[in-house]
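Computed from a predicted structure; not experimentally measured. Atoms within a ligand are numbered from 1 in the order they appear, just like the ligands themselves.
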Amino acid sequence: MTLTDSARSETLSTYMSTAWSGDARYDGLDAVIAAIAEGAQQIQQKVQAATLAGVIGTTGETNVQGEIVQLLDTAASDTFVDVLSGSGRVAAIGCEEIEDTVVVGDGSRHRYIVQMDPLDGSSNIDVAVSIGSIFGIWSRRPGEPVSDASLLRPGKEQVAAAYVVYGSSAVLVMAIENSVQGFTLDPTSRQFALTHPDLRLPDKCSYYSANEGNFKKLDGPTRKAITTLRDTYSLRYVGSLVADFHRNLLKGGIFLYPGDPGSPDGKLRLMYEANPLAFVVEQAGGAASSGARRILDIQPEALHQRTPLIIGNKDVVDRTVSIIGNG
Ligand code: AFP
């Protein structure tokens, strides 16, 4: 992609000051996104200096998902809770690392509910592989007091979603209705510059991303779906959802983490991983399904629930879902 000078000189702050200016649906959203950008900068510095800064390793605890907590998981969770609370616009936060709802504020300016995976792919931290952060953003229902129930909203009600990849560069991708924009952190100015304006999935799907090591555990139809993809596309699998998703968004591809008879709901979290990325992919022209239904239509029953996820180019997602469903 060749960038014009005007695109490159646009920063996240200048973009937000004009992109939805005057649109009441997004009142105060700029403060929430700016908080995410601030937190992402802090995490990017910690990720780059991880070994040197002594943040590699585990806390010795397991999280609510039963997974080993890395030191950087805790640092990222604390950082994003801090900056989002400081934005003055967030009413409550749901976080993969925190069992209960974090209630931030109940005032009329506290308009947004944020659900986040503060550090996705954390088992990749100590091997210097890309990791990320993911955020789904809902408008609080007018007049509704903040409670656990305020967070159990289907993904289709999100007003925005964002993710950050901490890779060879730090990239923040933000979506609102019909618009997906990518910004790269300029290490000199410490600003996010608009480097990927108006992102759309390429028409051609190039890659499939799945944990092939799980193949033997899968049921027959899902195996058939995987072998069909294997026959057609190149395999790319990082093992950090954000990194796999970001590559497929830019290059064209499908990511799948299906359920299997032992874990019918798969591994990934509906509220922190599937919903935000499903929102992004749909605004970019793609699709996301659990295999049984559109991800964004699922009515959540619990904050930490899991879902199978099939996400990427719409035609390939539809074909894969039909093989899994009909097999
Ligand atoms: P970790 O945070 O434990 O590294 O898990 C990452 C993740 O939730 C997601 O980012 C990956 O796509 C997926 O799990 C990888 O899972 P497998 O290691 O089972 O392939």
Side-chain angles (χ1 to χ4, degrees), residues 43 46-47 50 55-77 80 94-98 115-136 161-167 171 173 207-218 222-223 226 229-230 235-249 253-278 280-281 288-291 295 303-312 317:
I43 300 306
K46 287 201 169 79
V47 168
V55 287
I56 290 288
T58 71
T59 62
E61 292 163 2
T62 50
N63 67 9
V64 282
Q65 326 288 334
E67 297 160 347
I68 295 164
V69 177
Q70 307 284 333
L71 286 167
L72 210 52
D73 279 325
T74 309
S77 173
F80 283 115
C95 173
E96 192 195 309
E97 298 300 328
I98 303 175
Q115 304 261 20
M116 64 177 179
D117 180 351
L119 207 67
D120 176 66
S122 52
S123 61
N124 277 327
I125 298 168
D126 40 3
V127 289
V129 168
S130 297
I131 50 184
S133 305
I134 314 177
F135 306 86
Y163 67 82
V164 185
V165 193
Y166 312 104
V171 176
V173 173
Y207 300 123
Y208 81 102
S209 309
N211 184 339
E212 285 272 1
N214 290 338
F215 189 78
K216 282 195 178 146
K217 290 194 225 162
L218 303 175
T222 312
R223 283 189 194 186
I226 300 257
L229 294 168
R230 203 186 275 163
L235 170 65
R236 294 284 186 280
Y237 192 69
V238 175
S240 290
L241 173 62
V242 178
D244 281 311
F245 177 84
H246 185 62
R247 182 203 48 251
N248 290 352
L249 176 65
I254 178 171
F255 172 97
L256 65 163
Y257 207 113
D260 61 61
S263 316
D265 293 329
K267 175 179 183 189
L268 303 176
R269 275 56 49 129
L270 173 65
M271 302 309 284
Y272 316 121
E273 294 170 312
N275 265 335
L277 297 185
V280 174
V281 90
S289 169
S290 69
I295 290 288
L303 211 47
H304 298 288
Q305 83 185 59
R306 296 173 195 266
T307 179
L309 178 64
I310 303 160
I311 188 165
V317 168

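The minimum heavy-atom distance linking C95 with H304 is given by the pair O-CE1, 3.4 Å.
A distance-only check finds a donor-acceptor pair linking the side chain of R306 to the backbone of K267 [under 3.5 Å].
Residue-to-ligand polar distances place G121 within reach of ligand 1: an N/O pair is separated by less than 3.5 Å. Between S123 and ligand 1, an N or O atom pair is found at a separation short of 3.5 Å. Between N124 and ligand 1, a contact under 3.5 Å exists for no N or O pair.
Ligand 1 places these atoms under 4.0 Å from at least one heavy atom of Y237: 15 (C), 16 (O), 17 (P), 20 (O). Of all the atoms in ligand 1, the ones that sit under 4.0 Å from a non-hydrogen atom of S122 are 1 (P), 2 (O), 4 (O). Close approach of ligand 1 to N211 (heavy-atom distance below 4.0 Å) involves ligand atoms 17 (P), 19 (O), 20 (O). The contact set between ligand 1 and L241, taken as ligand atoms under 4.0 Å from a residue heavy atom, comprises 9 (C), 10 (O), 11 (C), 12 (O).
L249 has its side chain within reach of Y163: a pair of non-hydrogen atoms, C-beta onward, lies under 4.5 Å apart. You'll find the side chain of L270 stays beyond 4.5 Å of the side chain of D265, heavy atoms only. At a threshold of 4.5 Å between non-hydrogen side-chain atoms, the residues R230 and E212 count as touching. The shortest distance between side-chain heavy atoms of D244 and Y207 does not fall below 4.5 Å.
By the criterion of a heavy-atom distance under 4.0 Å, the side chain of F255, and not its backbone, is placed next to ligand 1. The proximity of S240 to ligand 1, defined as any non-hydrogen pair under 4.0 Å, is limited to the backbone. With a heavy-atom cut-off of 4.0 Å, R269 touches ligand 1 through its side chain alone. Of the heavy atoms in V242, none comes closer than 4.0 Å to ligand 1.
No hydrogens or angles considered: a donor-acceptor pair under 3.5 Å links the side chains of R247 and S209.
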>> Working note: Y272 + L303, criterion side chain to side chain contact (heavy atoms under 4.5 Å, CB included); need CA distance, chi angles, decisive distance, verdict.
In response: CA-CA 9 Å; Y272 316 121; L303 211 47; 3.3 Å; yes
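In this structure, of E273, K267, R306, the residue bringing a heavy atom nearest to atom 14 (O) of ligand 1 is K267.
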